[in-house]
2 protein chains.
Amino acid sequence: MTVTLADVAARAQVSPATVSRVLNGNYPVAAATRERVLKAVDELDYVLNGPASALAAATSDLVGVLVNDIADPFFGIMASAVQSEIVGPGGRAGGERLAVVCNTGGSPERELTYLTLLQRQRAAAVVLTGGAIEDAAHVAAVASKLRRLAEAGTRVVLCGRPPVPDAGAVALTFDNRGGGRELTEHLLGLGHRRIGYVAGPEERTTTRDRLEGHREALAAAGVEESPGLVVHGSYDRAAGYAATRELLGRDSSLTAVVAANDTVALGACAALREAGLRIPEDVSVAGFDDLPFSVDAVPALTTVRLPLAEAAARAGRIAMGREAAPVGGVDVVGGELMVRGSTGVPRGV
Amino acid sequence: MTVTLADVAARAQVSPATVSRVLNGNYPVAAATRERVLKAVDELDYVLNGPASALAAATSDLVGVLVNDIADPFFGIMASAVQSEIVGPGGRAGGERLAVVCNTGGSPERELTYLTLLQRQRAAAVVLTGGAIEDAAHVAAVASKLRRLAEAGTRVVLCGRPPVPDAGAVALTFDNRGGGRELTEHLLGLGHRRIGYVAGPEERTTTRDRLEGHREALAAAGVEESPGLVVHGSYDRAAGYAATRELLGRDSSLTAVVAANDTVALGACAALREAGLRIPEDVSVAGFDDLPFSVDAVPALTTVRLPLAEAAARAGRIAMGREAAPVGGVDVVGGELMVRGSTGVPRGV
DNA sequence: TTGAAAGCGGTACCAA
DNA sequence: TTGGTACCGCTTTCAA
């Protein structure tokens with residue numbers, strides 16, 4: 001039926017072992033032999049059997065990328081950044097890794113399920129992107145899963161969430177708190193005093209950190225936070241819309257809105273426009289992430305600029321162990337805001 | 001090291017074969033035995049070895065989803081729709097399929113590369129979403145790849161692109177032409193006569209079909225297409241922005257713009273706003289897809305509404321072989337589906 | 001209903 | 001530099 005390595009070996013008049021060596025390119029093979037093998041591969045249209053290879057080598061070329069919401073461009077950028085950085089070590093035409101993008105939808109159960117699925121596949125690496133859920137039981141469950149994965153040789157990368165102790169994971173964190181602070185400082189600088197805040201879901205690290213930054217800025221400026229001016233919701237457009245309507249209902253005198261991320265900001269803008277308010281003439285809006293499409297919808301955005309795609313790519317590179325120099329504190333970015341690896345030093349490389 | 005099926009067998013005092021049967025649930029096993037096995041699995045924290053399983057069974061539980069641009073929410077919606085529909089037949093806790101979202105970036109080479117990678121993994125199914133490239137050589141190459149995949153037992157689904165002969169593929173197509181026509185008809189109905197058209201990339205099925213629909217509508221209304229009022233570009237925001245600026249430069253008197261998809265429409269809106277034009281007071285904008293976030297940015301959008309997520313889910317279900325009966329708006333005709341967004345009435349194939 | 005054992009297609013160690 | 005060959009961990013007849 002399907003062509004196997006043995007078929008190729010027969011055709012090239014060599015042993016299966018030799019074919020394997022040629023294909024993996026990690027062993028010396030005479031040029032002439034190699035030619036013959038490659039020719040046979042080509043003629044037979046041979047395609048390596050991934051599962052067999054993974055079984056024998058005890059590792060696969062799959063890389064899992066967990067995202068909270070695949071319909072959110074933010075995660076799309078992250079995913080494609082990682083994807084573009086996980087070329088295998090062999091450099092061969094066929095020696096590539098396959099990125100498996102898993103959509104958790106922000107659900108703790110699905111997060112664990114996917115982790116198990118990736119463990120089952122003996123994934124080469126797993127990249128967890130976006131904020132983490134803060135529920136203690138879940139955090140413990142994830143930590144234990146990650147530990148097992150690491151034990152089995154899977155490289156673990158955390159991109160945008162707090163480090164996990166003893167998981168041998170590379171952690172790349174964003175300065176959510178600082179970002180949140182700057183965003184609000186920016187609005188304060190424009191003279192705004194009544195600022196609504198559309199926060200992310202409760203129990204999420206990013207939600208809390210950004211909100212803390214916001215409050216920090218208010219406090220530093222001596223502005224008292226009006227009660228009811230913070231509304232929580234999921235990180236999507238609908239939630240941003242709903243939350244903003246809610247804010248307007250509570251206090252129609254606000255002059256600025258901070259959105260916990262750009263997708264949310266889009267929803268906020270929609271609600272404001274619908275209410276007959278103009279942006280930024282009547283109300284300023286500031287979003288958090290660095291999504292290209294929101295630049296003009298969210299004028300204040302430019303004050304905070306996280307090169308997330310680059311950060312994700314870098315995390316992927318670190319996970320694959322082909323990082324040149326240590327990440328160090330800040331050199332990842334040239335922008336206004338810093339992205340810093342939590343430990344500052346890549347671990348487990 | 002890692003726990004194997006044999007370990008579980010030993011602990012449960014049964015043979016490996018029995019454990020396998022319990023796990024797969026496709027064989028009669030005494031209730032008591034099953035309990036014992038499940039208990040052992042639990043105690044040992046056993047996780048099936050995917051590659052080994054795939055090798056022995058000659059098929060894996062991976063489902064590949066090819067998308068043109070993972071940062072485009074359109075594909076995110078498609079991907080998550082497929083993902084939510086590919087639960088395995090077993091229904092077991094561990095019997096799930098894993099969706100592999102592959103980002104081709106619209107590149108022919110990467111499309112083929114991913115197809116090979118999935119072939120190597122012995123994927124259970126492959127779903128190709130979005131418009132296809134029309135280059136003859138590439139079409140042939142893809143067709144041949146798909147045929148091989150099908151031969152090897154991989155189910156192939158085409159979602160949003162033309163059927164491929166002899167590939168044994170399920171094809172789900174959208175009425176791009178009809179949609180394009182209606183969009184323009186809508187604008188014509190509003191009284192517009194000078195309509196700019198921001199088209200997708202050349203050599204793409206969706207680009208051509210939608211554009212044909214546009215021209216059809218113009219012709220039917222007796223409106224002559226002004227030269228230079230069609231500009232091509234990729235399906236992203238930046239292209240929409242650039243193309244619209246270009247259009248404005250060529251003819252500042254246009255009163256409406258059709259964008260070949262929603263992401264492009266967002267860019268178009270940005271360019272118009274930047275030019276000091278108001279939407280829809282000065283210029284109407286119509287996008288094509290059915291993305292939730294663009295509803296207000298593109299007021300005319302509601303004239304065309306394709307239930308894409310549902311369609312993708314349906315395609316996934318069909319591929320997995322558990323399709324029941326056709327529902328309204330979607331019809332199954334000889335393995336091919338036609339989704340007609342605007343009227344909701346299925347068209348013949 | 002359960003067990004024994006022969007593969008599935010590669011990989012990598014040991015020799016030659 | 002190349003060949004021989006034990007596995008890798010699971011599935012699936014074939015018997016019992």
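Residue numbers start from 1 in every chain, and the chains themselves are labelled A, B, ... in the order their sequence lines are given, proteins ahead of strands.
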Q: Under 4.0 Å from any heavy atom of chain A: name the first and the last nucleotide of DNA chain C that qualifies, 5' to 3'.
A: dG9(C) to dC13(C)
Q: Within residues 12-20 of chain A, find the residues that approach DNA chain D with a heavy atom at under 4.0 Å, and present them sorted by residue number.
A: Gln13(A), Val14(A), Ser15(A), Ala17(A), Thr18(A)
**Q.** Partners meeting salt bridge (charged side-chain N to carboxylate O under 4.0 Å, His left out) with Arg147(B) (sequence neighbours left out)
**A.** none
Q) How would you list, by chain and number, every residue that makes a salt bridge (charged side-chain N to carboxylate O under 4.0 Å, His left out) with Glu43(A), sequence neighbours excluded? A) Arg11(A), Lys39(A)
Q) Within the structure shown, what part of the strands sits under 4.0 Å from Leu5(B) by heavy-atom distance: base, sugar-phosphate, or nothing? A) sugar-phosphate
(Q) Please enumerate all residues that pass side chain to side chain donor-acceptor pair (under 3.5 Å) together with Gln13(A), with sequence neighbours excluded. (A) none
(Q) I'd like to check the salt bridge (charged side-chain N to carboxylate O under 4.0 Å, His left out) partners of Arg161(B); sequence neighbours left out, ordered by chain and number. (A) Glu111(B)
**Q.** Nearest-nucleotide comparison on DNA chain C, the residue closer to the 5′ end among Pro28(B) and Arg122(B)
**A.** Pro28(B)
Q. Taking all atoms of both residues into account, what is the closest heavy-atom pair of Asn103(A) and Tyr114(A), and its distance?
A. O-CE1, 3.4 Å
Q | 5′-ward residue of the pair Ala56(A)/Ala31(A) relative to DNA chain D | A | Ala31(A)
Q.
Taking side chain to side chain donor-acceptor pair (under 3.5 Å) as the definition, give me every residue that meets it alongside Thr18(B), ordered by chain and number, with sequence neighbours left out.
A. Ser15(B)
**Q.** Glu109(A): partners by side chain to side chain contact (heavy atoms under 4.5 Å, CB included), with sequence neighbours left out
**A.** Ser107(A)
Q | Separation of Arg155(A) CZ from Leu149(A) CG (nearest 0.5 Å) | A | 13.0 Å
Q.
Can you work out whether Ala57(B) or Arg36(B) has the more 5'-proximal nearest nucleotide on DNA chain C?
A. Arg36(B)
**Q.** Covered region of DNA chain D, 5' end to 3' end, by chain B [heavy atoms, under 4.0 Å]
**A.** dG9(D) to dT13(D)
Q: Kindly write out the residues that satisfy side chain to side chain donor-acceptor pair (under 3.5 Å) with Arg110(B), not counting sequence neighbours, or none if the list is empty.
A: none
Q. So how far off straight is the helix from dT1(C)-dA16(D) to dA16(C)-dT1(D), going by the axes through five pairs at either end, to 10°?
A. 30°
Q) Among all residues two or more places apart in sequence or in another chain, which pass the salt bridge (charged side-chain N to carboxylate O under 4.0 Å, His left out) test with Asp42(B)? A) none
Q: Please say which of Thr129(B), Leu115(B), Val127(B) ends up in a side chain to side chain contact (heavy atoms under 4.5 Å, CB included) with Leu66(B).
A: Leu115(B)
Q.
For the backbone of Ala125(A) and the side chain of Thr154(A), can you confirm whether one donor and one acceptor N or O come within less than 3.5 Å of each other?
A. no
Q. How many angstroms lie between OG1 in Thr33(A) and CG in Leu38(A), if you round to the nearest 0.5 Å?
A. 11.5 Å
